[in-house]
Enquirer: 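Supplied in structure tokens, the structure appears directly below.
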Amino acid sequence: MTQSIRIYQQGSPTVLQHETFTVEKPSRGQVLIRHEAIGVNFVDTMFRDGTFNVPLPFSMGVEAAGIVEAVGPHEQHLKVGDRVGYFFAPGAYADRRVIDASALIKLPGDISSEQAAGLLSKGLTAWALLTQVHVVQAGETVVLQGASGGVGSLLAHWAKSLGATVIATVGSALKAHIVEGWGLDHVLRSDEPALAERIKAVNGNVGVDVVYDLVGRRTLDASIGALRNGGDLVHVGNASGAAVADTALLASRSIRYIQPSTPQYVNSQNQDMAASELFERFRAGALGPLELSRYGLNEAVAAHQAIAARKHTGSILLIP
């Protein structure tokens, strides 16, 4: 029997239900994969808590990596034994699943399943944000609100490797101590007063070029205040709660406001190319060390509680 995590109602982490079922055979255009590692992402909590409406019951998780165990009729792209990963296909919280072959990315031999499950969703998000949404240039000043998390840490290291001045904010003294070891230009506490003024003070009292805000309610006003006129506000997440920007103020200052999602910029046509670039940056050390926190598949509730408590840095995995 196959194990999976589904929800029948939206709410707190306790709505996550551990179940067993019999997995079907793959049909045309599909493969059966055995997961070796499953990525846990902030978007998972939004599907779970009702931020996003989903049809119920809903199979949780969007990212995983593992091994092809069976292929559907006439499948030519993949074969049994291939190592694969994917970054946005609901149903990942399971030890086995059937999935469309078009969603899968072949993994190179030097990238483990754990690395892929910790990198693909967050890393391809970073790739989109840095190379598509706002193309970061050497000499620009970049602010990362929420730098200690999975996406934030990759953004911070990657932007620095591109020659940008990187100002990172974090929510606690412990996280500040960790992030200060990354070699960034400045690390600030996001809960300190007059945050926008502190950001501009370390930037020579001028506004910054782009802010990537992963925190939301707690930081969005400071993000706007820290930007130069004509800068870019990239509102990526709401770890502290949903926030609404003052669009009239943004327009008056010619600030471009973007609320991107990864599937807008990464799809079946370019995902292999984007993943290849991501893995190359990882091999080169441009993304920093990959910090992984591991939970068993049956510990999905505890993993979601850890996200809510914001007690981890890096990526969280479920291991079947």
Side-chain angles (χ1 to χ4, degrees), residues 42 45-46 51 122 125-126 129-130 133-134 136-137 139-160 162 164-180 182-261 307-313:
F42 188 76
T45 71
M46 301 173 79
T51 301
K122 301 171 184 67
T125 296
L129 295 175
L130 294 169
V133 178
H134 175 101
V136 171
Q137 305 288 336
E140 287 190 321
T141 301
V142 173
V143 171
L144 297 173
Q145 302 271 31
S148 63
V151 174
S153 61
L154 294 173
L155 280 171
H157 286 97
W158 201 332
K160 186 63 181 172
L162 294 173
T165 295
V166 177
I167 303 170
T169 77
V170 296
S172 70
L174 176 59
K175 290 180 178 179
H177 177 72
I178 293 170
V179 175
E180 283 166 355
W182 293 354
L184 307 179
D185 297 280
H186 306 282
V187 179
L188 305 176
R189 288 282 297 274
S190 59
D191 56 354
E192 64 179 273
L195 178 59
E197 287 71 21
R198 287 281 293 120
I199 291 171
K200 288 197 284 190
V202 300
N203 193 45
N205 291 313
V206 297
V208 303
D209 298 295
V210 58
V211 178
Y212 295 98
D213 196 317
L214 289 80
V215 178
R217 181 181 301 161
R218 184 185 300 171
T219 57
L220 196 63
D221 287 344
S223 295
I224 296 169
L227 278 163
R228 64 170 173 81
N229 290 345
D232 282 357
L233 174 58
V234 185
H235 186 181
V236 190
N238 291 299
S240 68
V244 178
D246 184 340
T247 53
L249 173 61
L250 297 176
S252 72
R253 297 182 52 205
S254 301
I255 291 173
R256 191 169 68 116
Y257 181 47
I258 316 105
Q259 293 180 281
S261 67
I307 290 179
R310 301 177 68 187
K311 72 178 195 177
H312 286 293
T313 59

Enquirer: I'd like to know if the side chain of Ser172 and the backbone of Lys175 have a donor-acceptor N/O pair within less than 3.5 Å.
Expert: yes
Enquirer: Can you name the nearest heavy-atom pair linking His134 to Tyr212, along with the distance?
Expert: O-OH, 3.3 Å
Enquirer: Please set out all donor-acceptor pairs under 3.5 angstrom arising from side-chain atoms of residues 150-157, sequence neighbours excluded.
Expert:
{"unit_1": "Ser153", "atom_1": "OG", "unit_2": "Gly149", "atom_2": "O", "d": "2.9"}
{"unit_1": "Ser153", "atom_1": "OG", "unit_2": "Gly150", "atom_2": "O", "d": "3.1"}
{"unit_1": "His157", "atom_1": "ND1", "unit_2": "Ser153", "atom_2": "O", "d": "2.8"}
{"unit_1": "His157", "atom_1": "ND1", "unit_2": "Leu287", "atom_2": "O", "d": "3.4"}

Enquirer: Tell me which pairs pass salt bridge (Lys or Arg N to Asp or Glu O under 4.0 Å) where either residue lies in residues 193-203, with sequence neighbours left out.
Expert: Glu192-Arg198
Enquirer: Write down the atom of Val136, the atom of Ala164, and the distance for their closest heavy-atom approach.
Expert: CG1-CB, 3.8 Å
Enquirer: On a heavy-atom basis, which atom in Trp182 and which in Ser148 lie closest, and how many Å separate them?
Expert: CH2-CA, 4.1 Å
Enquirer: Within the side chain of Ser240, is there an N or O that forms a donor-acceptor pair under 3.5 Å with the backbone of Arg217?
Expert: yes
Enquirer: Return the CG to OG distance between Asn229 and Ser252, rounded to the nearest 0.5 Å.
Expert: 8.0 Å
Enquirer: Got a sec, which residues hit side chain to side chain contact (heavy atoms under 4.5 Å, CB included) with Arg228, two or more places apart in sequence or on another chain?
Expert: Asp209
Enquirer: Considering residues at least two apart in sequence or located in another chain, which fulfil the salt bridge (charged side-chain N to carboxylate O under 4.0 Å, His left out) criterion with Arg189?
Expert: Asp191
Enquirer: Using every non-hydrogen atom in the two residues, find where Asn238 and Ala243 come nearest and quote the distance to one decimal.
Expert: OD1-N, 3.5 Å
Enquirer: For Arg256, enumerate each residue passing the salt bridge (charged side-chain N to carboxylate O under 4.0 Å, His left out) test, keeping only those at least two apart in sequence or located in another chain.
Expert: Asp232
Enquirer: What is the distance from atom CD1 of Ile255 to atom OG of Ser223, rounded to the nearest 0.5 Å?
Expert: 10.0 Å
Enquirer: Just by distance, do the side chain of Thr141 and the backbone of Thr165 share a donor-acceptor pair under 3.5 Å?
Expert: no
Enquirer: Would you say Ile199 and Gln145 make side-chain contact, with heavy atoms under 4.5 Å?
Expert: yes
Enquirer: Mind listing the closest non-hydrogen atom pair of Ala222 and Ala196 along with its distance?
Expert: O-CB, 3.5 Å
Enquirer: Is a donor on one side and an acceptor on the other found under 3.5 Å between the side chain of Asp185 and the backbone of Ile167?
Expert: no
Enquirer: Listed by chain and number, what are the side chain to side chain donor-acceptor pair (under 3.5 Å) partners of Asn205, not counting sequence neighbours?
Expert: none
Enquirer: Looking at every non-hydrogen atom in both residues, tell me the closest pair between Trp158 and Ala126 and how far apart they are.
Expert: CE3-CB, 4.0 Å
Enquirer: Quick one: OG1 on Thr125 to CG on Leu214, what's the gap to the nearest 0.5 Å?
Expert: 9.0 Å
Enquirer: Out of curiosity, Leu250 CG to Leu227 CG, how far, rounded to the nearest 0.5 Å?
Expert: 8.5 Å
Enquirer: Distance check, rounded to the nearest 0.5 Å: Thr219 atom OG1 versus Asp213 atom CG?
Expert: 3.5 Å
